[in-house]
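Scroll down for the structure; my scribbles are underneath it.
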Amino acid sequence: MTDAIGYERVGDIAVLKAQNPPVNALGLDVRQGLVDGIERAESEGAKAVLIYGDGRTYFAGADIREFGKPPQGPFLPDVCTRIESSPLLVISALHGTALGGGLEIALGSHYRIAVPSARIGLPEVLIGVMPGAGGTQRLPRLIGIDASVDVITSGRQVGAKEALSLGILDRVEEGEPREIGLAYAQELLDQGAPRRAISEMPAPESVDFDALYDSVLKKGRGLLAPAVAIRGIQACCELPFDEGMKRERELFMELMSTDQRQGMIHAFFSERAVSKLPELKGVEPRALNSLGVIGGGTMGAGIATAALLAGLPVVMLEMTAEAAEAAKGRIAGNLQGALKRGKISQEKFDHLTGEALTLATDYDALSDVDLVIEAVFEEMGVKKEVFGKLDAVCKKGAILASNTSYLDVNEIAASTSRPEDVIGLHFFSPAHVMKLLEIVVADKTALDVVATGFELGKRLKKISVRAGVCDGFIGNRILATYRKAADHMVLDGASPYQIDKALTDFGFAMGPFAVADLAGLDIGWAVRKRKRAEGMDPRERDSSYMDKICEAGNFGQKTGKGYYVYEAGKRGGTPNPEVAELIEAERAEKGITPKEFTDEEIVTRYMAAMVNEAAKVVGEGIARRPLDVDMTLLFGYGFPRYRGGPLKWADMQGLDTLLANIKSYAEEDDYFWQPAPLLEQLVAEGRTFDDLNKENS
Ligand code: COA
C-alpha cells in the first residue's frame with residue numbers, strides 16, 4: 001500500500017484514511033492506495049469499509065497538478081467503480097470540502113455521512129473541465145436532472161444541510177469524521193443494511209437536452225465546460241451506465257484538450273500565487289485592528305463597507321458633519337444589500353452602522369488607528385495636504401495609504417516625515433464588490449507595511465497584486481493603452497459598437513466604450529484636457545469627438561447618454577446616433593478614409609496593444625510576473641477567466657505571431673506600436689510568459 005492511504009481495522013470495519021496534505025487531492029498514490037485498501041479489506045474478511053480524510057478535509061478533488069500530463073492508472077473513474085462494486089458495505093464520512101473527484105469517490109460509496117460544516121460540489125467546470133469520474137452519471141440517478149444541472153453547471157459548493165435535503169448525503173452529524181463514520185458503519189452492519197450502488201439505480205427520464213445545452217452555453221458567455229457537462233447528463237439519461245461512463249470520459253477528455261481548460265487552471269493557480277511574495281516570507285504584518293478612511297464618496301464608502309464586513313472598526317473622516325452623514329448613508333446603503341441577501345443579520349447591520357463606525361470631521365480622530373486610507377480628490381496638491389495632516393496626527397507605526405489610481409506614490413511619501421510607512425492601496429469601485437486590490441509599493445515602503453497591505457487584502461477577501469509606481473500602475477496603465485488602440489480603430493473606420501460587440505463576443509464582461517459610459521465620460525475628458533495642457537507628442541493620435549458629447553453635459557450612464565443612450569428601467573443602452581455623426585465629422589476633418597475592420601481584426605489589434613503594454617509593465621518590474629498582470633485584468637477589468645489572462649492568452653496564441661502583428665501595425669504608426677523589449681527577448685529566446693512565471697514563483 002502507498003502511504004497516502006492509511007489502513008486500520010476496527011472490528012468488522014476496515015478504515016481507509018486519506019493522508020495527502022494539504023487537501024487530500026486524488027493523486028496517483030491516493031488512487032492506488034484506495035484500490036489496495038479495498039482489496040485488502042476484502043481479502044482480510046472485513047464486512048464494511050469506512051473512507052475518510054485526515055487533516056482539514058475529505059478529498060478536495062482530482063490532483064489538478066496532474067492535468068495536461070500523461071494520465072497514469074488506476075484512473076479515477078475505475079477507482080470509483082471499484083469502490084462501488086465491492087461486495088463490502090462502503091461508507092464515506094465527509095468533512096471539509098468533498099469536491100470534484102472527492103464527491104465522485106463519495107458517490108461511488110454506498111452510504112454518505114458528513115459533519116454539518118462539510119461542503120460538497122462538482123467544481124470541475126470552474127477549471128474548464130467537467131466531472132469525469134461518474135459525477136454526471138451517478139448524481140442525476142441520485143437527485144434527478146434539475147438539481148444535478150444546477151450543481152454541475154454552477155460548480156457551486158453545497159452545504160451539508162442542503163446536500164442532505166437534496167439526497168446527496170444520507171446523514172449529517174456533529175463529530176470527528178472517523179468517529180461518526182465508524183458509528184454509522186456499525187449501525188448499518190447491525191441493521192443488515194444492503195449495499196446501495198448508485199449505478200444500479202434507474203436513470204431519470206430524458207428532457208430537451210439541446211435546449212438546455214444552448215441556454216447553458218449562452219449563460220456562460222462562451223465558457224464551454226458547463227454546456228458540455230449537459231451532454232454528460234444527457235448520456236446518463238439515454239445510455240446504459242457503462243456506456244454513459246465512456247461518453248462522460250470522452251467529453252471530459254475533449255475539454256481537457258482545450259485552451260479554455262489551460263486558461264482556467266492558470267487562473268486557479270495564479271489566483272493563489274499572486275499574493276505570495278518571496279520577500280515577504282517570514283515578515284510579520286503590523287497590528288491591524290482599526291482603519292481610518294478619509295473621504296466618504298463612492299470609493300471611500302465602498303472601502304469602509306468592505307472593512308466593516310471583515311470585522312474592522314472604521315473611523316470615517318469627512319470635511320463636514322453633513323458630508324460625514326452622507327458617507328454613513330452610502331455605507332448603510334451598501335450594507336443594506338448584504339442584509340437583503342441574508343449575508344448579515346439585522347443585529348450585525350445595526351452594529352456595523354453603529355458602534356463599529358465612527359464619523360469624524362477632525363483629523364485627531366485618526367490618531368489611534370492602525371491604518372488610514374485616503375480616498376480624496378485625485379490631485380497631487382490635495383493628497384499632499386492630507387498626508388501632511390496624517391503625518392502630524394497618526395501614531396508612530398501607523399500605515400498611511402493612498403487609494404490613488406495613478407499619482408506618484410513616491411512623491412506622496414516624500415511629503416511626509418515617514419515615507420517607509422506610506423503605501424498605495426488601489427481599490428476598484430465599488431470597493432466592497434470588486435475583488436482586485438493593487439498594492440502599490442513605493443521606493444521606501446517598509447516590508448512589514450507591504451505585508452500588512454497583503455494582510456488587509458486577505459481579510460477583505462481581495463485578490464491582492466503587488467504593483468510598482470508608474471502612471472496607472474498595472475491595470476490602469478494597460479487599460480489606457482488598449483483603450484487607445486480602440487480609439488484609433490474608431491478613427492480609422494470601426495464603430496464603437498462593433499468594437500464593444502467583438503470584445504464581448506471574445507468574452508469580456510463589457511466592451512471598452514460601454515465601460516467608459518459606466519465609469520463616467522468626465523474622467524477620460526479630464527485626462528484628455530490635462531494631457532493636451534501638458535503638451536502631447538505630435539506623433540500621438542488624439543480625438544475630440546467625445547469632447548463635444550461631454551460639453552453638452554453627457555457623461556454616460558449617470559446622465560443617461562454617452563456612447564449609448566440609456567432609458568430608465570432598461571438594462572444596457574442603444575447606440576447614440578450623435579456619436580456616429582461626430583466620428584464621421586472628425587474623420588473628414590482629419591482626412592481619414594474609413595476602412596472596414598473584421599471582428600477578428602479588432603480583437604487582434606486590441607489584444608496586441610494589451611499584451612504589448614503588459615510586457616512593458618513586466619519588463620520594467622511594475623508587475624513582478626506575467627501572472628500578476630493576468631490576475632489584475634481578470635479581477636479588475638472583466639477579462640474572460642477562461643482565457644487565463646492576457647499573457648496566458650498570448651502564450652497560447654504564440655508570441656512570435658503577436659510580435660509580427662505589432663511590427664506590421666508599426667508600419668502605419670511607429671509611435672504607438674513600439675514593441676516591448678521583453679516581448680522581443682522572449683521571442684528571440686523561444687520562451688513564453690509562463691516560463692517567467694515558473695522562474696519567479
Ligand atoms: N489539486 C492540487 N492542488 C490543490 C487542489 C487540487 N485539486 N486543490 C487545492 N490545491 C492546493 C492549492 O494550490 C494550495 O496549494 P499551495 O498551498 O501550494 O498554494 C493548497 O492546495 C491549499 O489550497 P487553498 O485553495 O489555498 O486552500 P483553501 O482552504 O482556501 O481551499 C479548496 C481549499 C479545496 C476549497 C480549494 O483549494 C479548491 O477549491 N480546490 C479545487 C477543488 C477542485 O476544483 N476540485 C475539482 C478537481 S476535479
Side-chain angles (χ1 to χ4, degrees), residues 4 18-31 53-69 71 75-77 79-80 94-108 114 117-139 151-160 223 225-226 228-229 232 248-249 251-253 255-256 260-278 280-281 435 454 457-464 625 627 631 641-642 693-694 696-697:
Q19 37 200 20
N20 184 27
V23 296
N24 286 319
L26 286 150
L28 177 61
D29 282 356
V30 179
R31 298 196 301 273
D54 194 19
R56 59 200 250 205
T57 185
Y58 187 77
F59 311 101
D63 191 339
I64 305 173
R65 288 171 210 277
E66 287 181 354
F67 286 17
K69 296 183 185 152
F75 305 118
L76 200 51
V79 177
C80 294
L94 281 45
H95 78 299
T97 41
L99 301 176
L103 181 57
E104 288 173 308
I105 293 279
L107 293 173
S117 58
R119 283 167 297 144
I120 60 112
L122 292 170
E124 287 86 348
V125 299
L126 305 178
I127 49 171
V129 291
M130 60 178 268
T136 63
Q137 304 307 300
R138 288 194 177 92
L139 196 63
V151 170
I152 292 171
T153 63
S154 69
R156 75 186 172 95
Q157 292 186 13
V158 180
L223 178 64
V228 175
E248 180 194 71
R249 196 71 190 160
L251 295 166
F252 174 84
M253 294 313 281
L255 286 171
M256 195 61 123
Q260 290 200 357
R261 189 272 299 167
Q262 283 196 52
M264 295 290 269
I265 289 185
H266 173 74
F268 178 85
F269 285 117
S270 299
E271 212 177 306
R272 287 161 175 75
V274 73
S275 51
K276 285 184 189 149
L277 304 189
L280 293 187
K281 229 180 192 166
K435 294 279 279 179
F454 278 93
K458 194 164 134 196
R459 288 211 217 158
L460 303 191
K461 299 200 173 67
K462 302 289 179 204
I463 300 290
S464 306
R625 298 154 296 188
L627 70 83
M631 293 307 101
R641 186 180 175 92
Y642 61 79
N693 285 330
K694 292 195 183 107
N696 294 296
S697 284

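Each ligand, and each atom within it, is numbered from 1 in the order the structure gives. Keep in mind that the numbers below use all heavy atoms, side chains included, and drop hydrogens, waters and symmetry copies. Residues take their numbers from the sequence shown, with the count starting at 1.
- Shown are Asp63, Leu26, Val30; of these, the side-chain contact (heavy atoms from CB on, under 4.5 Å) with Leu76 is made only by Leu26.
- If you number the atoms of ligand 1 from 1 as listed, the ones under 4.0 Å from a heavy atom of Ala60 come out as 34 (C), 42 (C), 43 (C), 45 (N).
- Residues in residues 263-278 take part in these salt bridge (charged side-chain N to carboxylate O under 4.0 Å, His left out) pairs, two or more places apart or across chains: Glu271-Arg641.
- Residue Pro22 approaches ligand 1 through these ligand atoms, each under 4.0 Å from one of its heavy atoms: 20 (C), 21 (O).
- Checked by atom type and distance alone, the side chain of Asn20 pairs as donor or acceptor with a backbone atom of Ala25 at under 3.5 Å.
- An N or O contact shorter than 3.5 Å is missing between Glu124 and ligand 1 by distance.
- Contact annotation: Arg119 has no heavy atom less than 4.0 Å from any atom of ligand 1.
- Counting the atoms of ligand 1 from 1 in the order shown, those under 4.0 Å from a heavy atom of Asp63 are 1 (N), 2 (C).
- Remark: ligand 1 and Arg272 share an N or O pair separated by less than 3.5 Å (distance only, no angle test).
- When atom types are taken as modelled, the side chain of Asn693 and the backbone of Arg625 share no donor-acceptor pair closer than 3.5 angstrom.
- Scanning the protein heavy atoms around atom 44 (O) of ligand 1, the nearest turns out to be Pro123 CG, 3.5 Å.
- Ranking the protein heavy atoms by distance from atom 39 (O) of ligand 1 puts Leu99 CD1, 3.9 Å first.
- Backbone and side-chain nitrogen or oxygen atoms of Thr97 are examined, and none is located within less than 3.5 angstrom of a nitrogen or oxygen of ligand 1.
- Polar contact check, Ile64 against ligand 1: a nitrogen or oxygen pair lies under 3.5 Å apart.
- At least one side-chain heavy atom of Thr136 sits under 4.5 Å from a side-chain heavy atom of Ile152.
- The single protein non-hydrogen atom nearest to atom 9 (C) of ligand 1 is Val23 CG2, 3.6 Å, given as residue, atom name and distance.
- A donor-acceptor distance shorter than 3.5 angstrom exists from the side chain of Ser154 to the backbone of Arg156, with no hydrogens or angles considered.
- The protein non-hydrogen atom at the shortest distance from atom 3 (N) of ligand 1 is Arg65 NE, 3.8 Å.
- Residue Arg56 approaches ligand 1 through these ligand atoms, each under 4.0 Å from one of its heavy atoms: 22 (C), 27 (O), 28 (P), 29 (O), 33 (C).
- In terms of modelled atom types and a separation under 3.5 Å, the side chain of His95 and the main chain of Gly55 share a donor-acceptor contact.
- The shortest N or O to N or O distance between Ala62 and ligand 1 is below 3.5 Å.
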Name each donor-acceptor pair under 3.5 Å that joins a side chain in residues 126-134 to protein atoms two or more places apart or in another chain, with its distance.
none

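- Listed by atom number, the atoms of ligand 1 under 4.0 Å from Phe269 heavy atoms are 13 (O).
- The protein atom (non-hydrogen) at minimum distance from atom 40 (N) of ligand 1 is Phe268 CZ, 3.5 Å.
- The heavy-atom pair separating Met631 from Ser270 by the smallest distance is CE-CB, 3.5 Å.
- Set against the non-hydrogen atoms of Gly61, the atoms of ligand 1 under 4.0 Å away are 45 (N).
- Contact atoms of ligand 1 toward Lys276: 16 (P), 17 (O), 19 (O) (distance under 4.0 Å to a heavy atom of the residue).
- Within the 3.5 Å criterion, the main-chain N or O of Arg65 finds a donor-acceptor partner in the side chain of Lys69.
- A salt bridge does not link Glu124 to Arg261: none of the charged nitrogens lies less than 4.0 Å from a carboxylate oxygen.
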